[in-house]
Amino acid sequence: MTTSNSSNKNGPTTLADRALQAWHERGMIFVRFASGHEVSFPIKGNPRLESAAKDDVCRIEISPFGLHWPTLDEDLSFEGILAGRYGHR
């Protein structure tokens, strides 16, 4: 997982921040938070994301608690993503 920030060195938290945007680009999922933080993680290692069509991986819904891919029946919580749990091992 990669994080970047323009405003706060502590990183995003699920209690004090909210996701504004999520997108897929070159095998990575990116999430931008209201605080300015950006988090990214690879789709490799997550069987549903890794084997899915690009259109399905790009169809990301944001909830208050995480990311949802409706056509893939896949959900990842922000808590899990921030802890590095975005795949299935």
Side-chain angles (χ1 to χ4, degrees):
M1 177 183 67
T2 305
T3 61
S4 67
N5 172 359
S6 60
S7 62
N8 180 343
K9 294 188 187 281
N10 295 327
T13 70
T14 56
L15 296 176
D17 212 348
R18 65 183 175 91
L20 298 178
Q21 186 179 17
W23 70 96
H24 170 254
E25 186 177 315
R26 296 183 311 264
M28 300 286 287
I29 301 296
F30 295 86
V31 183
R32 181 171 295 131
F33 290 88
S35 65
H37 283 86
E38 249 181 44
V39 176
S40 63
F41 60 91
I43 63 171
K44 186 173 178 153
N46 181 305
R48 288 184 181 162
L49 297 179
E50 189 174 8
S51 65
K54 182 179 178 183
D55 287 347
D56 291 329
V57 176
C58 290
R59 194 169 297 128
I60 306 168
E61 295 177 355
I62 299 172
S63 81
F65 306 103
L67 303 178
H68 174 66
W69 287 263
T71 57
L72 302 176
D73 192 30
E74 178 68 303
D75 296 279
L76 296 175
S77 72
F78 293 128
E79 181 179 356
I81 292 168
L82 294 174
R85 299 185 308 267
Y86 40 80
H88 305 284
R89 293 181 176 96

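All values reported here derive from a predicted model rather than from experimental measurement.
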Check your understanding: Taking atom CG of Leu72 and atom CG of Leu49, what is their separation to the nearest 0.5 Å?
Key -> 6.5 Å
Please tabulate, for the side chains in residues 62-71, all donor-acceptor contacts under 3.5 angstrom to protein atoms that are two or more places apart in sequence or on a different chain.
from	atom 1	to	atom 2	distance (Å)
Ser63	OG	Phe65	N	3.1
Ser63	OG	Gly66	N	3.1
Ser63	OG	Gly66	O	3.4
His68	ND1	Glu74	O	3.3
His68	ND1	Asp75	OD1	2.6
Trp69	NE1	Val57	O	2.9
Thr71	OG1	Asp56	OD1	3.0

Check your understanding: Does any N or O in the side chain of Arg18 come within less than 3.5 Å of the main-chain N or O of Ala34, such that one atom is a donor and the other an acceptor?
Key -> no
Practice item. Take Ile43 and His24, measure what side chain to side chain contact (heavy atoms under 4.5 Å, CB included) needs, and give me the verdict at the end. Key: CA-CA 9 Å; Ile43 63 171; His24 170 254; 3.9 Å; yes
Review point. Looking at Phe30 versus Phe41, is the centre-to-centre ring distance below 6.0 Å?
Key: no
Practice item. Please report the C-alpha distance between Phe33 and Val39 in whole Å, then the side-chain angles of each, then the deciding distance to 0.1 Å, and finally whether the side chain to side chain contact (heavy atoms under 4.5 Å, CB included) criterion is met. Key: CA-CA 8 Å; Phe33 290 88; Val39 176; 3.7 Å; yes
Exercise for review: Please list all pairs passing the salt bridge (charged side-chain N to carboxylate O under 4.0 Å, His left out) test where one or both residues lie in residues 20-32, with sequence neighbours left out.
Suggested key: Arg32-Glu38
**Study point:** Exercise: identify the closest heavy-atom pair between Met28 and Ser40
**Key:** CE-OG, 3.7 Å
Practice item. Could you give me the CA-CA distance, side-chain angles and deciding distance for Phe78 and Val31, then say whether side chain to side chain contact (heavy atoms under 4.5 Å, CB included) is met? Key: CA-CA 10 Å; Phe78 293 128; Val31 183; 4.1 Å; yes
Point to revise | Side chain to side chain, Lys44 and Asn46, heavy atoms closer than 4.5 Å | key: no
